[in-house]
Structures are given as structure tokens and as C-alpha cells.
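Notes follow once the structure below has been shown.
Quick note on labels: first sequence line is chain A, next is B, and so on, each numbered from 1. Source: prediction; values computed, not measured.
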Number of protein chains: 2
Amino acid sequence: MQQSFESLIDNYLPGQSVDCVIIGYASGELKILLLQWKATKRWSLPGGFILKDEDMDKAALRILKERTTLEFPFIHQFYTFGNYRRRDISNLNKELAAMNINSPKVNEWFRQRFISTGYLAMVNLDKAKPQPDELSIKCDWMPADKLPPLIYDHNDIVAKALEYIKMRVHFLPVGMTLLPEKFTMNELRLLYETILQRSLDRANFQRKMLKLGVLIRLEKHFAGNAHKAPYLYKFDKKMYNAFQKEGIGFV
Amino acid sequence: MQQSFESLIDNYLPGQSVDCVIIGYASGELKILLLQWKATKRWSLPGGFILKDEDMDKAALRILKERTTLEFPFIHQFYTFGNYRRRDISNLNKELAAMNINSPKVNEWFRQRFISTGYLAMVNLDKAKPQPDELSIKCDWMPADKLPPLIYDHNDIVAKALEYIKMRVHFLPVGMTLLPEKFTMNELRLLYETILQRSLDRANFQRKMLKLGVLIRLEKHFAGNAHKAPYLYKFDKKMYNAFQKEGIGFV
DNA sequence: TTCTTTTGTGTCAAATTAACACAATAAGAT
DNA sequence: ATCTTATTGTGTTAATTTGACACAAAAGAA
């Protein structure tokens, strides 16, 4: 590993990184995909570097794919973090030593100042299979509202991402990649409530969503419960995409 | 200049830049501050580089101050442009030659790939005094809706900035730095119409703005016209700031 | 059957929006 | 002084949206 990363360094743009906030959703909770580093046991966002001939967006997609083995139809760049002291590297030597890395080149690489751009991706937890990389001990989903302390400014990055998705949900449909293919109106509303951190009136939410025109009603879903069976819905991809492309759909 | 920039290069983060979209407002038009380069006569946004020990936000403020000799109470980072081929440097040699720059170091600097973060600032045109720098022939306000072709991807950067301010104006007060200290309700509404690119009902706009609570009504303004004199208003800075700090004031 | 729980839709007041109305008024014209 | 013109501040009213709650239908268990 040590060798391989050292040899890769020359392919990357120095000083630039991408950090991905991968949001998943399960059992009424937003989860964030985190890595735990072998050496330090500290948690961080999955991130990576940009190849010298690679668009930054493409780098984000590549990194996302590496971590989740999924393709993402939508990713959202939400902010770039450029504070001088955003990364605390005071323990870098120890950390690299603990990883058995003694290459001066690698040391120098991580010692640089990095400006990092945050990308948000959303994924259905059933589909995403976290893949810890060689430097990480674990790769796990953690509840967004009680994350452990993360390295550098990664807690700030997550906070910005959550703020960003909260903003989006106010005027754009959200859920395509967070929910399974078919879902009930209740599941969709619970997702919205989780994102917005407040409860929404069931009746009014349903009316509003149906009126928007991004949902297609499917067959009923008999869950075996002793009560009326809800309809299943799926997103009307054309409408959903149209909304996404409109960008911030004001005016 | 050539010498001085060459000597400055070592102080800057390589591959990183900041581009500023400085929006001004006058006579019912949004204007963008542009520079015209001596050598190529081509127009560009005012931009600059980030000092190695400088926060990126601070770099944006510094660059803005250099161009306008103003302090900005608010700047807004809106997007980071990281496409591999965003800068066309095919004529770089000619351009540098035309500027009498033959330093290989400077050549190499501009030949790098840059990832650039866009910052938006808004300024009252009466106050801002454009300062062409040594490499620029002109420094001028141009109407936002009919800009000349700009270098690199700067037209895209402006488009993103205009989209961003359009978004902001929907849920945050805008105008503090764009309008003079005192203004009429009509002037404020015209600004909003210019940003949103559509007309707004005069009566309803007035009611809504007053209800928001960010305006303080001042004395009447007798313009010497043969009709009823309008009130002047100023922003209630406390309220205005509160709105800004709430960030994207959703819930 | 009856009971429990959840769903889809209904209702209705309150708030907001959109469109237009109109008297008040500043200053020039008569 | 009075009339005229253009613009302003506020009023009105219908249409639409929002928020809160109501209620019958329905699925399965008791």
C-alpha cells in the first residue's frame, strides 16, 4: 500500500481534495458513511484526490463509486472548505508511523495545505455496500445526528451538507436515490421529516406531493398488518429529472 | 511588474484561484465588474490567488478590496469550478510575450491547471471605484445581460452567480450593498425585478417588504417631480444581519 | 363479527397571494 | 389659485395555499 500510494501521488493535483458526504437513509434516520483509520482509530469522511487530467466532478464520482460500488445519478457540490488551518496535522508523523509509512514523499503530501470541495450524494442503504479501503479499518454508516468527532473540519462539512439538503428539499423533490424503487407515501413523508427535523401533516403532505406530479401510483402494498394497505409509489423519472435540471427551480 | 509577480509566485498556493463576480446596480441594470487585459484585449473576471497562509475567504476579501477599494460586509462563496479543461491556455505564450513577460516561472505558473472558487459580492456603483491592475488595460462595469465573451469559463461563472443571487432574493433580503444608504420603495422593487427578471406588483411588494421588518421608514423624498413624493427607507442593519446570519433561512 | 390501526380523502378556517382600485399629493401648466 | 398629471400609499376582494382536524374505508387479528 505504502508503495502504491507513493507511486500514485504524482498523478494527483497537489493541495486539492474532494470530501464526500454520502447520506443514506434507514429506519427513520439519516446516516453518513464514515471511515475509521487503522492507525489512529479516528473517523473521517470518505475523500480523495483529483487526478491531474480529471474533472473535479468526475473525481467525486470516482471516489463515490470506490466507496459504495454504486453509480450515482445525482451528486451535488455544496461548498469548498479553504481555511488555512482546517487540517490539524500535528500528529501526522505518529499517524504515518503507526501505518508503517515512512516515505518522505507521502509525509510531504499529507503535510501540504489542502482545499477540499464537498460533494453530497444520497443512496439507498439497502444497495450501498461500504468498502473499507486499505488505510481504513472500518467503513460504516453512522447516524447523522450523533456522529463521533471527525478529523479535520469534517464535522463542519457534514453540517454544511445537512443544511444543503434541507434547503433542497424545500423546492425540489428528494428521495430518488434514498428510498427503494417502490415506497409508500408514509415512507416518503418520514424521509422528509427526518431531513427537515420536524413533523409534517400526513394529509397535507400527501396532497402536496401528488399535486407536484413526480409520483406514480402503483399497486397496493399488503404488508400483513391489521390495517388499510397503503399504495406504493415510484418516482416519475422524467418529472424528477426535469425538476433536478431546472436547478434551483425558482422564478 | 513581471519581476514583482515572479517574486510573488512563491507566496501563492499553486493551482488554486478565486474569481470574484462583483455585482453592481445602476439605472435598472445589474452590472458586472470586468477587467480587460492589456495584451489580449480579452475580458475576464477579477480574480487572484490564495496566499499560502491565508484562508480562502480572506483571499476573496483581499482581492475584492484591491479591485474596488471597498470593504465588503458580505461575500458569498457560490461554486467551485474544477473542470480539467476550463482554461484555454493555447495562446498563453503569445499572450505573455505581448505582455513582455518571458519568465519561465511565470509561464509555468499560468500553464498549471487551476481550480477556481467563485465568490459573489455586491456593491453600490456610486461607491465602487474600479482600479485596473498593472496587467489590465481597463476595469469596467458591464451590463450583466450582455457581457462580452470572457476568458476561460468566466461566462459560466457569471451565470452561476446570477442564478445564486436569484435564489437568495427569494428568501433573504438583498440590497444592502447594492443600493445607496437611503432609497425609495420603488428603487428597491426595481432592483428585485432586475434580479428576478420579472415584474412584481408594486402594491404587494411594498406590503411584503414592510411586513418583513428589515426596512426603516425615513423622511419623504421630494425629487422635484410633479407627483406624490415617496418615502425614503434604509435597512434596519440588525434585522438585515440577522437574516443573513440565519444563512439559508429555512427550517 | 368486532376491534384496532392506518390510510385516503374531506372540510373549513386562517393566512397568503394576486390583481386591481382609489384617494392623496407634489409640482408644473393654466 | 386652480387644474392637470404622474406617482404614491393603502384598500379591497377573489383566488389559492396552508394548517389542523375529521371521518369513513380497509386489512388483518381477536
Compute the ring centroids of Phe183(B) and Phe235(B), then answer whether they are less than 6.0 Å apart.
yes

Send over the distance from Lys211(A) NZ to dT9(C) P, rounded to a whole Å.
15 Å

Kindly say whether Ile75(B) contributes a backbone atom to a donor-acceptor pair with the side chain of Tyr119(B) at under 3.5 angstrom?
no

Calculate the interatomic distance between Leu232(A) atom CG and dT7(C) atom P; express it in whole Å.
12 Å

Give a yes or no on whether Lys220(B) atom NZ has more than 12 heavy-atom contacts from other residues, nucleotides or ligands under 6.0 Å away.
yes

Check whether any side-chain heavy atom of Lys182(B) lies under 4.5 Å from a side-chain heavy atom of His221(B), and answer yes or no.
no

What's the CG-P distance between Leu215(A) and dG8(C), to the nearest Å?
12 Å

Check the angle between the aromatic planes of His76(A) and Phe74(A) and answer parallel, tilted or perpendicular using the 30° and 60° thresholds.
parallel

Note down the inter-axis angle between the two ends of the helix from dT1(C)-dA30(D) to dT30(C)-dA1(D), five pairs each, to the nearest 10°.
20°

Taken to the nearest whole Å, CZ/Phe205(A) to C1'/dT17(D) is 17 Å

Do the charged groups of Arg86(A) and Asp19(A) touch, with an N to O distance under 4.0 Å?
yes

For dT8(D), take OP1 and OP2 only and decide whether either is under 4.0 Å from a side-chain N or O of Asn186(B).
yes

N or O in side chain of Lys208(A) less than 4.0 angstrom from dT18(D) OP1/OP2
yes

Are Phe205(A) and Tyr192(A) near enough that their ring centres are under 6.0 Å apart?
yes

Round to a whole Å and report the spacing from CZ of Phe171(A) to P of dT17(D).
19 Å

Could you tell me how far apart Arg217(B) (CZ) and dG9(D) (C1') are, to the nearest whole angstrom?
7 Å

Report the distance from atom CG of Leu200(B) to atom P of dC20(C), rounded to the nearest whole Å.
15 Å

Could you state the atom-to-atom distance from CD of Glu187(A) to C1' of dT6(C) in whole Å?
14 Å

Going 5' to 3' through nucleotides 21-30 of chain D and flagging B where a protein heavy-atom sits under 4.0 Å of the base, S where only the sugar-phosphate is that close, and - otherwise, we get B---BBBB--

Just to be sure I understand the rule, does Arg189(B) reach a base, reach only the sugar-phosphate, or reach nothing, if contact means heavy atoms closer than 4.0 Å?
nothing

Neighbour count above 12 (heavy atom, 6.0 Å) for Lys208(A) NZ
no

When rounded to the nearest 0.5 angstrom, what distance separates CD in Gln206(B) from OG1 in Thr184(B)?
9.5 Å

